[in-house]
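Here is the naming used below: chain letters follow the sequence lines, and residue numbers restart at 1 for every chain. Please read all numbers here as calculations on a predicted model, not as lab measurements.
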Amino acid sequence: MHIPDGYLSPATCATLYAGSAPFWYYALKRMQKVLHTRTIPLLSVFAAFSFLVMMFNLPLPGGTTGHAVGVTIAAIVLGPWAAILTVSTALLVQAIFFADGGITAYGANCFNMAILGALSAYLVYRIIAGSSAIQSSRRVVAAAVSGYVAINLSALATAFELGIQPLLFHDASGAPLYAPYPLRIAIPAMMIGHLSIAGMAEMIVSAGVVAYLQRSEPALLYGTAPGLQVEGGMDLAPAGWGRTRPLWFAIALLLLATPVGILAAGTAWSEWSVDDFKDIHARQQIASNSGGHALPTNIPAGLAKLSSFWTAPMPAYAPAFLKSTAFGYLLSAMLGTGLILLVFLIGGRLFGDSGGRRNGKIAGVR
Amino acid sequence: MKLFLRSGDVVEKTLATMLKATQHASVADELSGTSGVLQRIDPRVKLPGLLLLVLAVACSRHLTVIAAIFVAAILLAAFSKISALRLAVWVWLPVLLFTGTIAAPALFLTPGRALWVYGPVMVTNTGLRSAAFLLSRAGTAATLSALLVLSTRWSWVLKSLRVFRCPAVFVTILGMTYRYIFVLLGVAWDMLESRKSRTVGELPAKEGRRLAAASIGVLLSKSLQLSGDVHLAMQARGFRGEVHLLDDFRMKASDCVWLSVFLAMAVMAFWYGR
């Protein structure tokens with residue numbers, strides 16, 4: 001999953017560096033505030049640990065071997081923010097010193113594995129583990145599922161970044177300048193390996209380490225188990241709303257940038273509507289984007305039938321009552337983001353912190 | 001590269017991976033101490049210079065420009081006592097195996113004008129160009145990165161990161177991470193070696209998975225203990241959260257010349273590659 005140099009365009013690399021920067025900044029500030037003088041030794045040693053986890057080979061069903069990324073274990077033991085920093089540091093050492101992952105693609109690799117991986121692993125673990133006891137087998141299942149989900153989400157993001165390259169960057173002859181495969185090839189090619197081998201490796205290591213810690217070092221699991229806190233530890237629990245201010249600014253900036261989408265001409269490949277089948281110009285454009293393969297003359301029966309099954313309230317990100325397309329994009333982005341946040345809020349209320357207050361302590365960080 | 005192994009080989013393979021990392025670091029350290037052209041350049045010039053060339057490779061829309069930077073990288077390696085064989089084993093072969101495998105299907109799958117047809121198989125002009133772009137970019141960027149590491153001590157690479165205004169805390173964390181990778185590597189090595197010496201016969205796959213998970217768990221616990229010990233040791237030496245780095249580099253006239261050379265190469269590459 002480590003993207004080397006040359007696979008992503010400089011524009012994509014710059015975007016993902018910019019996307020990762022607020023997370024790094026917030027995570028470092030938070031760690032310094034919480035840990036103060038412990039920040040440097042804890043993050044250094046744990047980054048070294050994250051690096052080494054990737055060296056452990058384990059046998060997988062089917063006769064093959066694989067290795068874990070270790071982001072799930074870091075997120076479960078240290079919390080998501082420390083995990084972001086430790087895995088990012090390990091990735092930098094790998095990129096510069098061991099040429100595993102590119103220097104220009106470092107921001108992308110961190111975004112996919114360290115940021116997306118740590119946050120999704122933490123969220124899934126917390127939702128499934130709920131307020132179960134530290135020794136509960138539910139926590140082992142939670143670690144397994146969170147490891148599997150985190151790796152596959154990271155792989156999906158990687159596949160998406162690689163898959164959009166040929167659409168956006170090609171030379172005068174039409175030859176892709178960077179990763180050559182479109183989304184329809186990049187996503188299955190990436191996901192087959194991760195849904196099977198890599199996902200399984202992360203799942204086995206995450207579940208196995210949590211089961212081991214339950215037996216021998218249960219104190220290390222209290223940090224991400226609010227309501228079951230032990231005294232004398234350090235607060236590494238997830239931040240409250242007020243403390244995630246930089247991330248809210250980042251979301252606001254992304255919302256404001258959504259009208260940039262208007263610049264993209266035509267319809268995204270494979271997202272054609274019934275109207276595109278009828279329009280001669282749209283048909284020509286689709287054929288040229290599909291390697292000269294023309295669309296069937298008649299509208300496919302299934303498409304015609306299902307297209308009337310559900311009518312979106314805001315089709316094409318443009319509510320009917322709005323004159324300005326740009327404002328329509330902005331409104332759609334705000335509404336979509338709001339709905340996602342609402343779903344997570346409800347999920348958090350239902351499955352998350354049903355126990356005590358949000359003041360988890362980590363006993364393992366001595 | 002062995003993809004399918006017997007379960008009992010898992011400990012062996014993990015030990016082999018660890019040994020390879022140690023050898024890699026040892027060879028890099030040895031080469032960075034020799035007296036070649038790149039080794040003599042101030043790291044504060046070399047790091048941004050080589051990174052500029054990596055960026056130029058990433059931005060170029062012409063294969064000839066990427067090829068020219070690749071030739072320049074080989075010449076720099078030759079004058080820096082870094083053998084082509086070393087680069088071939090460390091960089092070009094892995095790039096060829098990994099990126100080559102990824103790039104090869106693009107020859108046939110990318111739509112475009114047919115260059116060569118054999119039955120249902122067709123190599124297209126655009127497919128050939130896109131595969132060449134991917135392979136040349138990945139190979140040249142990896143060669144430039146290898147030149148940096150093989151000609152500069154790790155501690156100097158980190159110190160020169162300050163040129164980019166990297167926070168001192170970040171530079172210190174990176175330096176300590178590198179140091180503790182080898183400390184923990186030693187711990188993991190001893191753990192696996194002792195287990196291997198107590199194992200008779202082949203380890204079943206299930207036992208192999210348990211061993212890997214338990215070893216990582218022990219390593220995690222030891223890491224936290226180590227970070228606590230390091231923290232106490234740092235505090236005992238007066239550490240109060242402020243980081244100060246010694247900046248003992250001296251810019252020479254030859255470094256200014258090299259800075260100009262790197263800048264000129266990068267500007268030309270950006271201009272002709274646009």
Show me the donor-acceptor pairs within less than 3.5 Å that the side chains of residues 96-105 of chain B make with the rest of the protein, sequence neighbours left out.
from: B:Thr99; atom 1: OG1; to: A:Tyr7; atom 2: OH; distance (Å): 2.8
from: B:Thr101; atom 1: OG1; to: B:Leu97; atom 2: O; distance (Å): 2.2

Output side-chain donor-acceptor pairs under 3.5 Å for residues 128-140 of chain B, partner residues at least two apart or in another chain, one line each.
from: B:Arg129; atom 1: NE; to: A:Asp171; atom 2: OD2; distance (Å): 2.8
from: B:Arg129; atom 1: NH2; to: A:Asp171; atom 2: OD2; distance (Å): 2.7
from: B:Ser130; atom 1: OG; to: B:Thr126; atom 2: O; distance (Å): 3.4
from: B:Ser130; atom 1: OG; to: B:Gly127; atom 2: O; distance (Å): 3.1
from: B:Ser136; atom 1: OG; to: B:Ala132; atom 2: O; distance (Å): 2.7
from: B:Ser136; atom 1: OG; to: B:Phe133; atom 2: O; distance (Å): 3.2
from: B:Arg137; atom 1: NE; to: A:Leu177; atom 2: O; distance (Å): 3.1
from: B:Arg137; atom 1: NH1; to: B:Val57; atom 2: O; distance (Å): 2.8
from: B:Arg137; atom 1: NH1; to: B:Ala58; atom 2: O; distance (Å): 3.2
from: B:Arg137; atom 1: NH1; to: B:Ser60; atom 2: O; distance (Å): 2.7
from: B:Arg137; atom 1: NH2; to: A:Leu177; atom 2: O; distance (Å): 3.0
from: B:Arg137; atom 1: NH2; to: B:Ser60; atom 2: O; distance (Å): 3.1
from: B:Thr140; atom 1: OG1; to: B:Ser136; atom 2: O; distance (Å): 2.7

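Comparing B:Cys59, B:Ala28, B:Ala212, B:Ala141 by heavy-atom pairs within less than 4.5 Å of chain A, the highest count is held by B:Cys59. Per-residue counts of heavy-atom pairs under 4.5 Å with chain A were compared for B:Leu63, B:Val218, B:Ile173; the largest is that of B:Ile173. Contacts with chain B were tallied for A:Ala74, A:Pro182, A:Pro176, A:Ala47; A:Pro176 has the most, counting heavy-atom pairs under 4.5 Å. Annotation: maximal heavy-atom pairing with chain A below 4.5 Å, among B:Leu226, B:Thr110, B:Leu174, occurs at B:Leu174. For the set B:Tyr178, B:Trp90, B:Phe170, B:Tyr180, the count of heavy-atom pairs under 4.5 angstrom toward chain A peaks at B:Tyr178. Taking A:Ala11, A:Ala175, A:Ser44 one by one and counting their heavy-atom pairs under 4.5 Å with chain B, the maximum is reached by A:Ser44. Per-residue counts of heavy-atom pairs under 4.5 Å with chain B were compared for A:Val45, A:Thr86, A:Thr104; the largest is that of A:Val45.
In the model, A:Thr12 has a side-chain atom that pairs as donor or acceptor with a side-chain atom of A:Gln165 under 3.5 Å.
Interface remark: B:Ala25 contributes backbone and side-chain atoms alike to the contact with chain A (heavy atom separation under 4.5 Å). Proximity to chain A is absent for every atom of B:Val91, based on heavy atoms less than 4.5 angstrom apart. Using a 4.5 Å cut-off between heavy atoms, B:Ser223 touches chain A through backbone and side chain atoms alike. For A:Ile185, the part sitting under 4.5 Å from any heavy atom of chain B is the side chain, from C-beta outward, and nothing else. For B:Leu109, the part sitting under 4.5 Å from any heavy atom of chain A is the side chain, from C-beta outward, and nothing else. Proximity to chain A is limited to the side chain of B:Met234, based on heavy atoms less than 4.5 angstrom apart. Of the atoms belonging to A:Ile96, heavy atoms from both backbone and side chain fall under 4.5 Å from chain B. Using a 4.5 Å cut-off between heavy atoms, A:Phe51 touches chain B through its side chain atoms alone.
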Decide yes or no on side chain to side chain contact (heavy atoms under 4.5 Å, CB included) for B:Leu158 and B:Leu161, but give the supporting numbers first.
CA-CA 5 Å; B:Leu158 295 180; B:Leu161 281 174; 3.9 Å; yes

Could you walk me through whether B:Trp156 and B:Leu47 pass the side chain to side chain contact (heavy atoms under 4.5 Å, CB included) test, one step at a time?
CA-CA 10 Å; B:Trp156 292 356; B:Leu47 178 73; over 6 Å; no

Determine, stepwise, if the pair A:Leu162 / A:Tyr178 fulfils side chain to side chain contact (heavy atoms under 4.5 Å, CB included).
CA-CA 8 Å; A:Leu162 294 172; A:Tyr178 302 97; over 6 Å; no

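No donor-acceptor distance shorter than 3.5 angstrom exists from the side chain of A:Asn109 to the backbone of A:His2, with no hydrogens or angles considered. Between the A:Tyr181 side chain and the B:Ala106 main chain, a donor and an acceptor come within less than 3.5 Å of each other. Between the side chain of B:Ser221 and the main chain of B:Gly217, no donor-acceptor pair closer than 3.5 Å is present. Between the side chain of A:Ser88 and the main chain of A:Cys110, no donor-acceptor pair closer than 3.5 Å is present. Distance alone, capped at 3.5 Å, places no donor-acceptor pair between the B:Arg210 side chain and the B:Lys206 backbone.
The ring pair (Phe, Tyr, Trp, His ring centres under 6.0 Å) test applied to B:Trp189 returns no partner, not counting sequence neighbours.
Using cut-offs of 30° and 60° on the angle between ring planes, the pair A:Trp24 and A:Tyr106 is parallel.
The stretch residues 142-154 of chain B places B:Ser145, B:Val149, B:Trp154 near chain A, each with some heavy atom under 4.5 Å from a heavy atom of that chain.
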